[in-house]
Amino acid sequence: MIGRMKPALFSSLPLAEALSLARTQKRLLLIDFTADWCAPCKTMDQTTWVDRKVIEWVERHAIAVQVDVDADEATASRFEVRAMPTVLVLRDELVLDRSSGARPASALLEWLEGVLAGRTELQSLQKQLDPKNPSESLRLAEKLLEGNHLAEAQAHLEALWLHGHEWQPEWIGVRMSYLVGTIDELITRSPQARETFGAIRDRLTPRLTTPEAVEDWLALNSVLGHQQRSLDWFDTVKQSPPEWLQAERQLFELLVESERWADLGRFVRSPIVELERHRDIARHMEESASRLPNAGDLIEYGRQSVRDWAKTMITALRAAGREDDLKALQNDARRHDPSEAMRAATEEVRLT
């Protein structure tokens with residue numbers, strides 16, 4: 001491993017030797033694919049992989065090794081590892097099952113016991129699925145995608161996109177984050193999925209007069225790689241945008257990515273209100289992080305996100321010629337965070 005000490009249950013044997021030893025001893029081979037930059041991997045190192053019951057399970061049934069994907073890209077490619085952490089269980093050279101994402105000890109042990117009994121997680125998810133539970137459907141779709149069952153994954157993701165928020169209205173936040181990300185991954189691998197979600201986007205195009213339609217349309221443009229369509233539409237409404245468009249975070253991010261600073265400076269009507277919203281998010285993050293490992297890093301990340309937003313808006317307000325609002329934002333930001341880091345972030349940037 002690079003950059004940190006690996007938990008004691010992992011063997012220091014090279015992968016080929018560990019596989020040979022597991023075969024000789026008629027044991028399973030457990031591979032944890034990780035990376036030095038992966039925060040969930042570090043969390044598992046500090047919690048799951050030092051859990052007494054997990055250690056006992058590995059001692060009874062497996063040889064365990066960790067593979068750093070940056071140090072051993074060939075092995076990560078061989079096993080088609082796309083996310084960290086990913087845990088594989090092999091018998092000889094046959095992959096019995098895989099698990100992606102951080103898991104607490106109890107969830108990992110439940111999965112490992114299933115593998116030992118000859119039951120894959122995909123089979124369990126399919127058997128237990130409540131078709132009107134969007135979280136279960138998304139987990140199944142992710143597992144299908146992981147196993148390269150693209151058509152089946154598409155069917156679930158299409159249903160979730162169209163109906164998941166109807167089945168469970170409070171799921172809307174997950175819909176616009178994890179679901180969008182999963183659809184993005186699917187369409188990079190499936191031309192059929194790209195065509196399907198492109199058609200769904202096109203059906204929205206004549207209805208860009210409501211917040212819901214615009215939010216969906218912008219999200220699908222993003223995963224389809226058609227951000228220019230979003231910018232072209234914005235240009236048609238930016239002179240007198242509807243009030244609700246101010247809440248559309250995707251447009252903010254798109255204007256930043258395309259460096260449309262003057263447009264951004266005019267788009268955000270109440271910069272100090274928005275800055276306070278970012279401070280609220282950082283305070284919530286700080287409260288949550290205080291109960292977690294590496295709390296200091298997470299707390300600083302939240303504070304820095306506020307500074308980064310302030311820096312972005314200083315640039316945008318100057319480009320838009322809103323000097324009074326720029327000064328007010330600068331003063332407000334420094335009053336709440338008098339650090340040198342905030343002072344540096346809110347120095348006036350003069351665009352060339």
Side-chain angles (χ1 to χ4, degrees), residues 1-105 107-109 111-112 115-116 120-122 142-143 145-148 178 181-182 184-186 188-189 289 292-298 300-301 304:
M1 293 294 294
I2 295 175
R4 71 181 191 275
M5 188 72 67
K6 60 186 173 185
L9 90 165
F10 290 108
S11 170
S12 59
L13 289 173
L15 181 58
E17 293 182 27
L19 180 60
S20 178
L21 179 61
R23 184 187 298 114
T24 299
Q25 296 183 354
K26 300 187 183 304
R27 302 171 77 184
L28 302 174
L29 178 67
L30 183 151
I31 310 175
D32 176 36
F33 287 92
T34 182
D36 192 53
W37 44 263
C38 170
C41 302
K42 294 177 182 179
T43 298
M44 285 192 71
D45 281 353
Q46 296 165 357
T47 55
T48 302
W49 296 125
V50 296
D51 182 87
R52 178 180 57 81
K53 291 183 178 179
V54 172
I55 293 171
E56 290 175 354
W57 191 96
V58 171
E59 288 176 345
R60 287 197 307 271
H61 302 294
I63 303 292
V65 294
Q66 275 191 325
V67 173
D68 187 300
V69 297
D70 294 319
D72 192 349
E73 294 180 4
T75 298
S77 177
R78 170 188 167 192
F79 289 104
E80 299 183 330
V81 173
R82 298 185 178 89
M84 269 64 67
T86 289
V87 181
L88 271 63
V89 177
L90 288 73
R91 178 174 286 114
D92 295 332
E93 295 193 18
L94 175 67
V95 177
L96 301 180
D97 204 9
R98 64 174 63 210
S99 168
S100 296
R103 294 195 183 207
L108 184 75
L109 284 167
W111 172 66
L112 289 172
V115 175
L116 196 62
T120 68
E121 185 174 30
L122 177 56
E142 290 170 338
K143 199 66 184 176
L145 190 56
E146 190 178 276
N148 215 34
Y178 292 105
T182 307
D184 191 4
E185 182 181 351
L186 172 66
T188 63
R189 298 162 57 187
L292 299 172
N294 301 316
D297 292 344
L298 292 170
E300 180 55 30
Y301 174 82
Q304 187 58 45

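From a predicted model like this one, the values you see are computed outputs, not experimental measurements.
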Please report the shortest heavy-atom distance between A18 and L29, naming the atom on each side.
CB-CD1, 3.9 Å
When rounded to the nearest 0.5 angstrom, what distance separates OG in S20 from CG in L13?
9.5 Å
If you round to the nearest 0.5 Å, how far is CG of L15 from CD1 of I63?
12.0 Å
Less than 4.0 Å between a side-chain N and a carboxylate O, is that true for E146 and K143?
yes
First locate atom CG of L19, then atom CD1 of I31, and finally report the distance between them rounded to the nearest 0.5 Å.
7.5 Å
Say you draw a straight line from CD of E185 to CZ of R189; how long is it, rounded to the nearest 0.5 Å?
5.5 Å
For L108 and W57: C-alpha separation, side-chain torsions, deciding distance, then whether side-chain contact (heavy atoms from CB on, under 4.5 Å) applies.
CA-CA 11 Å; L108 184 75; W57 191 96; over 6 Å; no
R27 (side chain) donor-acceptor with V58 (main chain) under 3.5 angstrom
yes
Here the pair of heavy atoms bringing A102 nearest to P40 is CB-CB, 3.8 Å
Considering all heavy atoms of both residues, which atom of F33 and which atom of M84 are nearest to each other, and what is their separation?
O-CG, 3.6 Å
Quick one: does T47's side chain have a donor or acceptor within less than 3.5 Å of a partner on T43's backbone?
yes
Audit row: L96, T120, side-chain contact (heavy atoms from CB on, under 4.5 Å) steps and yes/no:
CA-CA 7 Å; L96 301 180; T120 68; over 6 Å; no
Would you check if the side chain of D51 reaches a backbone N or O of K53 as a donor-acceptor pair within less than 3.5 Å?
yes
Between C41 and T34, which heavy-atom pair has the shortest distance, and what is it?
CB-OG1, 3.0 Å
Trace of the salt bridge (Lys or Arg N to Asp or Glu O under 4.0 Å) decision for R103 with E121:
CA-CA 13 Å; R103 294 195 183 207; E121 185 174 30; 2.4 Å; yes
Heavy-atom side-chain proximity of L112 to L30 below 4.5 angstrom:
yes
To the nearest 0.5 Å, atom CG of L90 lies from atom CZ of F79 at 5.0 Å
Name the one of T48, V69, D32 that satisfies side chain to side chain contact (heavy atoms under 4.5 Å, CB included) with P85?
D32
Do V89 and L116 come close enough that some side-chain heavy atom pair is under 4.5 Å?
no
Do any N or O atoms from the side chain of T182 and from the backbone of Y178 form a donor-acceptor pair under 3.5 angstrom?
yes
Heavy-atom closest contact (P7 atom, V50 atom, distance):
CB-CG1, 4.4 Å
Do Q66 and D45 meet the criterion of a side-chain donor-acceptor pair at a distance under 3.5 Å?
yes
Quick one: pull up CG in L28 and CG in L88 and give me the separation to the nearest 0.5 Å.
12.0 Å
Check whether more than 12 heavy atoms from other residues, nucleotides or ligands sit under 6.0 Å from atom CD of E56, and answer yes or no.
yes
Residue set satisfying ring pair (Phe, Tyr, Trp, His ring centres under 6.0 Å) with W111, at least two apart, ordered chain then number -> none
Going through the checks in order, is the side-chain contact (heavy atoms from CB on, under 4.5 Å) test met by W49 and K6?
CA-CA 9 Å; W49 296 125; K6 60 186 173 185; over 6 Å; no
